[in-house]
Every structure is written in C-alpha cells, then in structure tokens.
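Take a look at the structure set out below.
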Protein chains: 4
Amino acid sequence: MPRVTAAVKARLSETRRTQILEAAVRVFARRGFDRATIQDIAGSAGLSEGSIYNYFRSKEELLVHIPQHLVRPALEPLLEAAAPETIADVERQLLQVAQGIVGRVKENAWFLKVFVSALPRLSPRARERYLSLLPLYAAERLEGVLRRGMRAGLFRQDLDAAIAARAFPGMLLIFLMMQEVLLEKKLVPHDYNTIAGETVRLFLYGAASRQHQPAHRP
Amino acid sequence: MPRVTAAVKARLSETRRTQILEAAVRVFARRGFDRATIQDIAGSAGLSEGSIYNYFRSKEELLVHIPQHLVRPALEPLLEAAAPETIADVERQLLQVAQGIVGRVKENAWFLKVFVSALPRLSPRARERYLSLLPLYAAERLEGVLRRGMRAGLFRQDLDAAIAARAFPGMLLIFLMMQEVLLEKKLVPHDYNTIAGETVRLFLYGAASRQHQPAHRP
Amino acid sequence: MPRVTAAVKARLSETRRTQILEAAVRVFARRGFDRATIQDIAGSAGLSEGSIYNYFRSKEELLVHIPQHLVRPALEPLLEAAAPETIADVERQLLQVAQGIVGRVKENAWFLKVFVSALPRLSPRARERYLSLLPLYAAERLEGVLRRGMRAGLFRQDLDAAIAARAFPGMLLIFLMMQEVLLEKKLVPHDYNTIAGETVRLFLYGAASRQHQPAHRP
Amino acid sequence: MPRVTAAVKARLSETRRTQILEAAVRVFARRGFDRATIQDIAGSAGLSEGSIYNYFRSKEELLVHIPQHLVRPALEPLLEAAAPETIADVERQLLQVAQGIVGRVKENAWFLKVFVSALPRLSPRARERYLSLLPLYAAERLEGVLRRGMRAGLFRQDLDAAIAARAFPGMLLIFLMMQEVLLEKKLVPHDYNTIAGETVRLFLYGAASRQHQPAHRP
DNA sequence: TATGAATGAGACTTCATTCAT
DNA sequence: AATGAATGAAGTCTCATTCAT
C-alpha cells in the first residue's frame with residue numbers, strides 16, 4: 001500500500017508546514033521578523049533548527065508563506081454574494097464585508113504586526129505577492145461591485161469607484177489597526193458591530209444631512 | 001575662559017547629537033531599524049562608528065531619541081478656527097484637513113517608515129508615546145467640528161461623531177501609507193488633490209445615489 | 001532455497017555498491033569531494049540518502065572505494081612489445097604512447113577530477129595508492145625502451161633514460177590536465193593529434209636547429 | 001601628523017593582509033580549502049574570526065588573493081634576460097628558467113596543493129585570474145623567446161612555438177608535482193640541478209642520437 | 001532493505017560595542 | 001573627542017548521519 005503511505009506522508013508534511021508557519025507567526029509577532037530566530041521558531045514548533053529547512057528554504061520564505069496559509073483561507077468567503085438589487089442589499093453586503101474585515105483583522109492581529117513591520121524589507125516581488133493576499137485587495141472586488149451598482153443606478157454616477165473601493169476598508173482599518181495592533185486599547189467606546197454599521201452607513205449615505213445633499217455631478 | 005569653552009562645547013555636542021539622529025532617521029527609514037548598521041549611520045552622519053558612542057549609549061538609544069527632534073512640525077493645527085456655517089464651509093474645511101493629512105504623511109514618510117519598522121521592538125508605552133507625538137489626524141478636533149455641525153443641522157442627526165471623525169482620515173491613510181510608506185507604488189492613477197476631493201465628497205455625501213438616500217434615523 | 005536467495009542477494013548488493021560508486025564518481029567529479037552531498041549521490045544513483053548507508057559507512061568510504069571499480073581499464077599496456085629498429089619505429093611507438101596517454105586522461109578525466117579535488121583529504125599513503133592505480137604514463141616501460149634504444153645507438157649516449165622517460169609524458173600532461181581536468185579550456189588551437197606529433201618530434205629531435213646541435217657528451 | 005599616521009596605518013593594514021594570507025595558505029595546504037575554517041585561519045594568524053572580514057570579504061577572496069601576494073612576486077625575475085644570440089645563450093637562459101620553476105614550485109609546494117584542489121571550484125573569472133599568475137603562463141613569454149629564436153635561426157623552422165613553450169615546463173612539472181606535492185617522495189635519484197640540466201638539453205637537442213636527426217621540415 | 005524526515009554540530013558571516021591610539 | 005581595528009556572540013543555513021516506519 002505505497003499509495004496510502006504517500007498520501008499519509010503528504011498530509012503529514014502539510015501538517016508540519018502549517019505547524020511551522022503557526023509557530024513562525026507567533027514568534028514574528030512577538031519579536032519582529034529580524035529578531036525572531038530560527039531556533040525560536042523551531043522550538044515553538046516543537047522541532048529542531050535544521051528541520052525547518054526541510055519545509056522552507058529560508059527565513060524569508062516563512063514570512064512569504066504566512067498569508068497563504070493563514071489569511072487567504074479566511075478571506076475567500078468575502079464578497080461571494082449575489083448581485084445586489086436594492087440599496088438595502090448593498091448595505092447588507094457591505095456590512096458583511098465590514099464584519100469580515102473586522103473578524104480577519106482581530107483574528108490576525110499578531111500577523112498584521114508582523115506584516116506591517118516586515119513589509120518594507122521584502123523584495124518587490126515578495127511584497128506584491130504578500131499584498132495581493134491581504135484584505136486591501138478585496139478592494140478590487142469591491143470596485144467591481146461599485147461599478148455594477150453605478151450602472152444599476154444604486155450609486156452616484158459621479159462616484160470614483162477606484163477611490164471609493166479603497167477608502168471604504170480604510171475607514172475601518174484605522175480603528176482596527178489602532179485598537180488591535182498599534183495601541184491595543186480602545187479608541188471609541190463602541191463595539192465593532194456598531195462601528196461596522198456606522199461605517200457602512202457613512203460610506204453609503206455620507207455625513208451631510210438630508211437637506212444638504214447636493215445634486216450629484218453628472 | 002573655561003566657561004565660554006564649556007558653552008561652546010555643549011552647543012557643539014548638541015549639534016553632533018542632532019546630526020547623528022538625523023542620520024539615524026535617514027538610515028532607519030531606508031533600511032529598517034534592525035537592518036540599519038551603526039556603520040551606515042556613522043557614514044551618513046560623517047563620523048566614524050566609535051564616535052556615535054560618545055553621544056548615545058546604544059543603537060536603541062538612537063531610536064528612543066528620534067521623535068523629540070523630528071516630530072515637532074506636525075503639531076500645527078489642521079483645522080482653521082472659524083465655525084462652519086454652510087455645508088460648503090464644511091467641505092472646504094475638510095478638504096483642508098485632507099490636504100493637511102496628505103502633507104503631514106508625505107513630510108513624515110521617513111519617520112513613519114522608522115516607526116513601522118521598529119514596531120515590534122517598541123513597548124506598548126513607547127508605541128503610544130510615538131503615536132501621540134504624531135497627530136497624524138486631528139481626530140478630536142474633527143469630532144468637535146462634527147458635533148457642532150450636527151447641532152447646526154449641517155450633519156445627519158444620527159451620525160456618530162466619534163466614529164466618523166476617526167473613519168474620515170482612514171479613508172485617506174490607506175492611500176498614503178501604501179503609496180508613501182509601505183509600497184511606494186501608486187494604488188490608483190489619481191493625484192492626491194483628486195483623491196482628497198473625492199474622499200471629502202464621499203465622506204459628506206456617501207456613495208448611494210440621490211434616490212436611494214434613506215430617511216435618516218432619529 | 002535460502003542459498004539461492006543469499007547468492008542473489010549478494011549479487012544484488014554488489015550491483016548496488018557499484019551503482020552507488022559510479023554515482024559518487026560522477027558527483028565528486030562535478031562538484032569536488034567536499035561540495036558533493038550524499039543527497040546528490042543518492043539522487044544520481046537512483047536511491048535515497050539513507051540507503052547509501054546500507055552499503056557504505058560514510059562519505060569517506062565512498063572515496064576510498066572508488067579506484068577499485070574504475071581504474072582497471074587504464075592498466076592495459078601502452079607500448080607494443082616489439083623492439084624498435086629504426087628511429088622511425090621509435091617515432092611510431094612514441095606516437096602510440098602519446099595517443100595512449102591522451103586517451104587515458106580523457107577517458108579518466110572524471111576520476112582525475114575526483115582525485116584532484118580530494119587531494120588535501122588523502123593521506124600520503126592513499127595518494128600513493130591512487131597514483132599507482134593510475135598508470136597515467138608508462139614511465140618504467142618507456143625507460144626500458146629508451147635504454148634499449150640507447151644500446152642500439154638510436155638515442156644519444158648521454159641521455160638520462162630515467163629523467164627522459166618521466167619528462168616525456170609531462171610534455172603532454174600539461175595540455176591534458178589543463179584542458180580536460182582543471183580548466184576545461186583550450187590552451188593552444190591544436191587538436192591532440194597535432195600536439196602529440198609535435199611533442200614526439202620535440203622529444204626526439206629537440207628544439208635546436210640542425211646547425212646548432214652540439215656534439216653529444218660521452 | 002595625520003599623514004604619517006595614515007601611512008603607518010596603511011602599512012600596518014598591508015602587514016595584516018599578508019599575515020592573514022600566509023595563515024590562509026598554511027591552513028588551506030594542511031586541510032584543503034573546504035575543510036579549512038575561518039577560525040583555523042584566524043587562529044593561525046593570531047586574530048579572531050571577525051577580524052578576517054576587516055581585510056577580506058569572504059573565504060573565497062582569501063583564496064583568490066593568495067597568488068598575488070605569494071606567487072607573483074617570485075615569478076617576476078623569470079625571463080627578464082637579454083635576447084639570446086647563440087644556442088649556448090639559450091641553454092643558459094632556459095636553465096635559469098628551469099631552475100626558477102624548480103625554486104618556485106619547491107617554495108610554494110603547499111600552495112600548489114591548495115591551488116590544484118581549489119581550482120575546480122573557482123568561478124571561471126577567478127580561475128582565469130588565478131592561472132594568469134602561475135608559472136604555466138611563463139609559457140607565453142617562452143613562446144615569444146622561441147619565436148624570436150626561430151627567426152634568428154637558432155631553432156628549427158618547423159617548431160610549433162606554442163606547443164613547445166607549454167611542453168617545456170611540463171617536462172619539469174611532472175617531477176616537481178610528483179615529488180613535492182603529490183607523493184612527497186623521490187621518483188629518480190637525481191637532484192634538481194641535474195634534472196633541470198637534462199631537461200633543458202632534452203628540450204633543445206632531443207633524445208635522438210646525432211646520426212638519427214632528420215632533416216627538419218621546412 | 002528502502003525511505004526521507006529529523007537531528008544538531010558546525011560553517012560562514014554580520015555587527016554592536018570596546019578600546020588603544 | 002575621534003578613529004576604526006578588534007572582538008566574539010549570535011544568526012542563518014548546510015549536511016552527514018540516524019532511525020522510525
């Protein structure tokens with residue numbers, strides 16, 4: 001039964017990789033990429049130094065592979081919903097996106113610390129690869145949604161979809177990064193459900209009161 | 001004239017310290033804290049390695065002393081004092097804030113790079129101190145403006161001023177951090193004037209088209 | 001039939017050893033002894049690392065066992081048996097020797113590379129054993145031929161046969177080692193037939209022109 | 001007197017480099033390039049590991065710089081003599097060359113062991129650089145001498161100067177390498193003066209007896 | 001017997017820091 | 001106060017060898 005053995009081995013190997021990456025995230029988050037040592041990571045993964053190199057070619061490879069294993073899977077369900085027909089649909093979907101972002105960031109706060117601090121020292125290729133896996137790039141999908149929504153008349157005709165799609169996650173990320181990553185302390189006395197709801201409404205309807213809404217530009 | 005000599009010496013010493021710290025910021029920004037070497041910094045400061053240690057006890061000391069010398073310019077107010085009377089006033093003021101934020105981040109890009117790269121080495125207290133020195137966005141003031149605007153009927157009555165005041169700069173910071181600090185690569189093909197203008201409009205009037213603006217909640 | 005099985009096993013085992021040693025020579029020649037890894041060798045032999053150790057105790061053992069398997073072909077005689085009667089006979093025989101040397105070195109280039117790369121690791125005894133296994137030049141035989149030729153008046157009476165017999169192959173080996181083993185790059189734009197012919201003529205008739213040939217010493 | 005200090009420092013630095021290179025040669029010769037450790041070399045040079053890197057960028061750099069410091073200076077005086085007018089002049093000069101080669105090889109026997117074993121793993125550029133410093137390349141000068149001698153009628157008109165110039169050192173190197181480097185034991189019971197003399201005569205007048213010297217080809 | 005993951009000693013190299021000049 | 005060579009701890013990575021399967 002060599003086939004069975006091969007399958008078992010492959011599974012074991014995948015387990016090991018995950019186990020190592022999880023250890024790497026823990027150590028990177030605690031010490032930063034440069035201060036983390038392979039020994040730390042190996043110890044945290046319950047392996048010896050040399051074994052790490054049976055699974056990853058270098059320390060940088062560890063960094064590069066973290067998002068693939070930890071962040072991407074969490075991102076997949078985002079924005080898989082049907083095309084919205086009413087603005088209420090949009091609101092519901094955006095709320096989902098917002099809650100998704102909140103969830104991901106909270107879940108991966110340790111990783112984001114690693115990510116942010118390590119980003120400047122990655123090679124451009126690695127950087128690109130890294131970023132393409134992050135929530136910000138949900139922006140591209142959101143941009144598509146906005147464009148379709150504009151054609152359907154749900155959104156302002158003079159909206160710049162590219163800018164708006166990138167501004168939206170930023171509204172949330174500020175809280176999230178500050179509270180979860182940078183300061184680890186609350187900035188406003190609200191829970192994230194409230195914040196997400198407010199943010200979505202702000203994005204959709206703006207801050208201006210009804211009577212001050214201008215006629216939109218063509 | 002030992003007193004004169006002493007004074008001269010003190011002044012010279014202070015100059016040297018500044019000179020070294022400025023070099024340190026340049027190098028930290030370019031290479032990240034951990035990758036920066038004392039030799040880099042000494043070279044950039046026009047001194048030799050050993051001399052650095054006549055002014056600072058260690059590399060960490062350099063990091064700790066940076067903000068005191070470099071963050072002052074960012075303390076200027078972002079908002080003009082006058083209370084807004086029309087929504088157009090608000091739009092103008094927000095545009096000013098937005099452009100202020102853009103300016104500040106671009107101006108302090110190197111410092112932000114240092115901050116970001118040193119993130120995992122900073123204690124929570126140090127992180128807070130750093131962040132408080134960098135009033136990247138004048139959230140408290142903006143919150144006040146929004147509250148006054150709400151009382152004046154310019155803004156939705158159901159707006160959460162605290163959340164909105166913090167969400168607004170986030171809309172811009174995404175672009176700024178990515179383009180100026182983390183990626184050094186444009187995310188959208190617009191200049192910051194356009195981005196700032198769009199962001200302000202998005203904040204004020206939202207994304208939804210006119211006919212989909214809901215009645216605001218009480 | 002335990003006896004048959006045992007015999008089969010022994011044969012198989014011997015095959016495996018040979019297979020491994022041949023792989024080792026290939027890899028040693030390509031990478032040098034120290035740079036060769038067991039993994040390289042195992043891969044080249046179509047086995048896995050661990051299996052090598054079922055046949056050889058260590059990497060050094062591989063080195064030690066190589067010649068027994070690979071140097072035999074070089075033992076064939078280089079000189080035909082017949083005694084030369086004219087200087088033309090001698091020239092023909094030397095040409096044969098020269099071409100033999102060329103052939104041998106080219107044939108054993110990989111082994112020579114191994115030998116050369118392993119040089120500093122070999123004990124003087126091992127070095128001698130290796131060299132004696134590689135009768136790269138049939139110095140003793142050539143010495144005998146020269147002595148007989150001297151008695152027959154074909155060679156200068158003042159020739160030192162021992163020195164000459166060892167100098168002759170050296171004339172060729174320079175080209176051969178450089179071109180085939182060390183540099184893998186041509187030193188002169190001639191093929192080996194030309195080089196061999198020239199070398200033989202140089203050996204027999206020297207470089208001086210006819211009118212400058214001295215009277216030979218007694 | 002900063003100028004004096006600078007000069008002193010430069011001299012000291014050059015001394016250190018030589019000191020390190022000499023240690024490197026010792027260690028490389030004893031252990032081979034790959035088995036030699038920086039610690040060995042540093043210890044042998046009376047320095048600590050890190051200090052080596054103040055003078056050489058890498059272990060390979062050490063290897064590459066050895067011939068420049070140790071072999072080239074010994075080679076310079078070779079073949080600096082006046083143009084030969086008689087065959088006796090040539091014989092005297094070649095004897096000098098031969099004795100020079102003997103001297104160099106004996107002197108640098110340890111280095112040649114390093115050289116030969118390290119050669120295959122050098123980059124092509126380093127190899128080229130390396131070889132250009134070795135006695136074999138005296139061949140180019142010898143080739144020039146031979147060509148001039150041919151024009152002057154001292155040498156056979158049908159001589160191939162390129163081949164002859166490279167064959168000549170080979171006649172000696174065989175002895176030398178075997179006796180000094182590979183076997184470290186005598187092959188023939190002669191001293192090097194005798195060997196050198198015999199070799200030169202063999203090269204100039206060949207092995208054939210007077211009455212068997214052919215008419216040279218045009 | 002074959003496999004290949006695990007091991008860990010040991011290599012090269014970097015760099016903050018010290019110190020004699 | 002300035003220099004920069006020296007130091008050596010510490011880090012990443014390689015690889016021969018072992019061993020459970």
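The shown structure was predicted, so the numbers you read here are calculated from the model rather than taken from an experiment. Here is how names work: the chains are called A, B, and so on, in the same order as the sequence lines, proteins then strands, and each is numbered from 1.
Taking atom NZ of residue D:K59 and atom P of nucleotide E:dG10, one finds them 15 Å apart after rounding to whole Å. In this structure, B:I20 atom CD1 and E:dA16 atom C1' are separated by 15 Å, rounded to whole Å. Atom CG in C:L47 sits about 10 Å away from atom P in E:dG4, given to the nearest Å. Taking atom CZ of A:R11 as the reference point, atom P of E:dA5 lies 16 Å away to the nearest angstrom. B:Q39 has its CD atom 17 Å from the P atom of E:dT13, to the nearest Å. The separation between B:E60 atom CD and E:dT17 atom C1' is 14 Å, rounded to whole Å. In this entry the distance linking CD of B:E14 with C1' of F:dA1 reads 16 Å, nearest Å. In this structure, the CZ atom of A:F33 is 8 Å from the P atom of F:dT12, given to the nearest Å.
No side-chain heavy atom of C:E22 sits less than 4.5 Å from a side-chain heavy atom of C:V25. Under the 4.5 Å side-chain criterion, counting only non-hydrogen atoms from C-beta, B:L62 is in contact with B:F28. Using a 4.5 Å heavy-atom threshold, the side chains of C:R16 and C:L47 count as touching. Using a 4.5 Å heavy-atom cutoff, the side chains of A:L21 and A:F56 are in contact.
Taking the side chain of A:Y55 as heavy atoms from C-beta on, and the options E:dA5, E:dT13, F:dG8, the nearest nucleotide is E:dA5. Comparing F:dC13, F:dA16, F:dT7 by their nearest atom to the side chain of A:S58 picks out F:dC13. Between F:dT7, F:dA2, E:dA16, one nucleotide has an atom nearer to the side chain of D:S51 than all others, and that is F:dT7. Among the nucleotides E:dA16, F:dA6, E:dT13, the one closest to any side-chain atom of D:E49 is E:dT13.
Residue B:A42 is classed as having no contact, given no heavy-atom separation below 4.0 Å to the nucleic acid. Note on B:T37: only backbone sugar-phosphate atoms sit closer than 4.0 angstrom, heavy atoms only; bases stay farther off. Using a 4.0 Å heavy-atom criterion, one finds that A:L12 contacts no nucleic acid atom at all. Nucleic acid contact for C:R16: sugar-phosphate only, since backbone atoms but no base atoms lie under 4.0 Å from a heavy atom of the residue. Using a 4.0 Å heavy-atom cutoff across all strands shown, C:F56 reaches no nucleic acid atom at all.
More than 12 non-hydrogen atoms from other residues, nucleotides or ligands lie less than 6.0 angstrom from CD of C:E60.
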**Message:** Please evaluate residues A:K59 and A:F33 with respect to the criterion side chain to side chain contact (heavy atoms under 4.5 Å, CB included), reporting the C-alpha separation (whole Å), side-chain torsions for both, the decisive distance (0.1 Å), and the verdict.
**Reply:** CA-CA 9 Å; A:K59 194 179 162 189; A:F33 178 76; 3.9 Å; yes
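The line from CD of B:Q39 to OG of B:S44 is 12.5 Å long, rounded to the nearest 0.5 Å.
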**Request:** Represent DNA chain F in dot-bracket notation, 5' to 3'. Only Watson-Crick or G-U wobble pairs with both distances under 3.5 Å count; pseudoknot-style crossings use [ ] and interstrand partners use |.
**Result:** .||||||||||||||||||||
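Along DNA chain F, the nucleotide nearest to A:Y53 and the one nearest to B:I52 differ in position, and the one closer to the 5' end is contacted by B:I52. Taking for each of D:R57 and A:S48 the nucleotide of DNA chain E with the nearest heavy atom, the 5'-most of the two is the partner of A:S48.
A donor-acceptor pair is defined here as one N or O able to donate and one able to accept, closer than 3.5 Å; such a pair exists between the side chain of A:R17 and the backbone of A:Y55.
At a cut-off of 3.5 angstrom, counting only N and O atoms as typed in the model, there is no donor on one side facing an acceptor on the other between the side-chain of B:N54 and the base of F:dA1.
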